[in-house]
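These notes concern the structure reproduced below.
Chain A is the first sequence line, chain B the second, and so forth, proteins listed ahead of strands; every chain is numbered from 1.
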Protein chains: 2
Amino acid sequence: MATPLSASAPADCRVLGLRERKKQRTRDALVDAAHSLFLSQGYGRTTVDEIAASVDVSQRTFFRYFANKEEVALAVMADAEEFFIDCLRARPAEENPLQAMRAAITEAWRTLGTARHTGPGSVTAALELFELIENTPTLLAAHLRHTTLQEAEVARVLAEREGLDPEVDLRPRLLAAVFGAVVRISHLSWSGDPKAHQAGPDGMIALIERHFDQLGPALAGSWR
Amino acid sequence: MATPLSASAPADCRVLGLRERKKQRTRDALVDAAHSLFLSQGYGRTTVDEIAASVDVSQRTFFRYFANKEEVALAVMADAEEFFIDCLRARPAEENPLQAMRAAITEAWRTLGTARHTGPGSVTAALELFELIENTPTLLAAHLRHTTLQEAEVARVLAEREGLDPEVDLRPRLLAAVFGAVVRISHLSWSGDPKAHQAGPDGMIALIERHFDQLGPALAGSWR
DNA sequence: TGCCGAATGTCAGTGGCTGACATAATCTTC
DNA sequence: GAAGATTATGTCAGCCACTGACATTCGGCA
């Protein structure tokens with residue numbers, strides 16, 4: 001379902017009607033305009049009117065595309081998360097849950113990394129978003145909430161892979177939540193470490209791997 | 001520092017001046033009024049004006065006590081979380097990190113459970129809040145954000161206990177985040193299970209323990 | 001008692017967000 | 001290709017969360 005990152009899909013432009021294409025274009029334009037405004041002036045000092053005006057649509061139209069101001073900022077992230085879930089679903093059944101999750105997230109990052117290297121909707125642009133989100137309380141809150149919703153979906157996928165009922169067995173939801181926590185801490189480390197930014201997606205993958213490797217030791221009885 | 005739950009501290013009323021006591025009273029009144037309004041009408045259908053009016057205070061005053069509408073709803077939770085951190089700090093140094101965390105949270109729940117059984121600010125009232133938070137997107141988002149801030153503090157405490165630098169060693173932040181995830185899933189299970197509500201704090205403790213016990217199995221290679 | 005500072009009230013204004021209705025653009029069907 | 005059904009958009013009015021500025025009142029204290 002989800003294409004790598006939100007911006008206009010190159011294919012299937014012909015099959016969709018004019019109406020759908022137009023909608024996609026204004027949506028993308030809104031996301032791009034919002035991003036550049038947010039990154040240059042900051043989230044709080046950017047009004048919805050500004051965003052709408054810079055795409056020549058009314059404020060009312062903006063709110064027909066996005067439920068609120070946060071959503072336009074998190075749209076790219078949301079697509080990336082959905083893409084991760086698609087990757088997870090596609091993992092072979094032989095892999096155990098933890099293996100599948102780790103494989104899915106590195107695969108997701110690598111795919112997104114090769115898809116587009118520049119411009120709005122690129123990985124580097126998406127990475128800039130992390131800083132913005134982390135430094136904007138409202139955005140961080142909205143992002144965390146969205147993440148927990150995705151975790152519920154991840155838990156469902158895991159339960160299905162293993163033929164379990166997620167209402168009864170605690171492990172799917174537990175693993176999904178722990179996985180989410182590890183990824184989040186990795187993102188946090190990433191945005192606190194300028195060196196990691198150069199490496200692009202690979203740097204992020206390496207960071208996530210390091211954190212996963214420390215998961216066992218962190219939960220071990222003694223840290224000595 | 002933190003007293004068990006927010007409502008008026010019984011002691012030290014005499015030492016504080018009239019001014020401070022009055023402030024504490026209006027603050028508590030605002031929290032109580034907000035809670036009963038939120039629980040009866042819902043969060044979204046309650047205006048700040050209503051809350052302020054039912055305590056005979058101007059809207060402007062409300063916003064001098066609470067930065068926003070969410071804060072008044074989460075005030076009790078925030079105090080409880082801070083109390084947990086105090087419990088964690090007080091754990092003996094011999095305990096390993098995971099032991100200390102588990103001990104601290106059961107201790108926190110037990111203390112809060114025995115402190116007050118009825119009325120606003122009681123544990124049962126606090127438990128009702130979980131449902132409200134979980135069913136109110138805005139509140140859930142704000143709560144999750146606040147939780148991650150607390151996790152940073154937890155990570156600092158853990159690092160200090162073990163004489164580590166939380167900037168270098170990944171384990172403190174990792175364990176704090178995983179712990180937060182486990183507690184959150186427990187809260188979620190709790191609010192989805194009416195049976196658990198009867199047992200009060202003990203029911204919650206039992207749920208958290210069960211989830212912790214499943215943490216190892218969830219992270220194990222195979223689930224078969 | 002009288003002064004200082006802190007808490008509160010009032011007021012005006014900004015900005016996010018929504019419902020209702022009218023208009024204009026696309027899609028459909030003949 | 002025109003009529004009519006859908007759907008996207010604009011406009012307008014309004015609610016509500018939140019803020020700055022200024023005036024007023026109240027508690028602390030000499």
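- Distances shown here put every side-chain N or O of A:Lys69 at or beyond 4.0 Å from the OP1 or OP2 atom of C:dC17.
- Within the structure, every side-chain polar atom (N or O) of A:Tyr65 is placed at least 4.0 Å from both OP1 and OP2 of D:dA8.
- Of all the residues in residues 136-147 of chain B, not one reaches under 4.0 Å from DNA chain D with any non-hydrogen atom.
- With salt bridges taken as basic N to acidic carboxylate O contacts below 4.0 Å, none links A:Glu167 and A:Arg173.
- Taking only side-chain nitrogens and oxygens, A:Lys23 comes nearer than 4.0 Å to OP1 or OP2 of D:dA8.
- Residue B:Arg64 places a side-chain atom within donor-acceptor reach of the base of C:dG9, judged by atom type and a 3.5 Å distance cut-off alone.
- Residues of residues 43-58 of chain B having a heavy atom closer than 4.0 Å to DNA chain D, listed by number: B:Thr46, B:Thr47, B:Val48.
- Under the ring pair (Phe, Tyr, Trp, His ring centres under 6.0 Å) rule, A:Phe130 has a single partner from A:His187, A:His143, A:His197, which is A:His187.
- Here A:Phe66 lies out of heavy-atom contact (under 4.0 Å) with every strand.
- One atom, CZ of B:Phe62, and another, P of D:dC18, lie 8 Å apart when rounded to the nearest Å.
- In this view, A:Thr138 and A:Tyr43, A:Glu70 satisfy the side-chain contact (heavy atoms from CB on, under 4.5 Å) rule, not counting sequence neighbours.
- Panel note: side chain B:Thr61, backbone B:Val57; no donor-acceptor pair is recorded below 3.5 Å.
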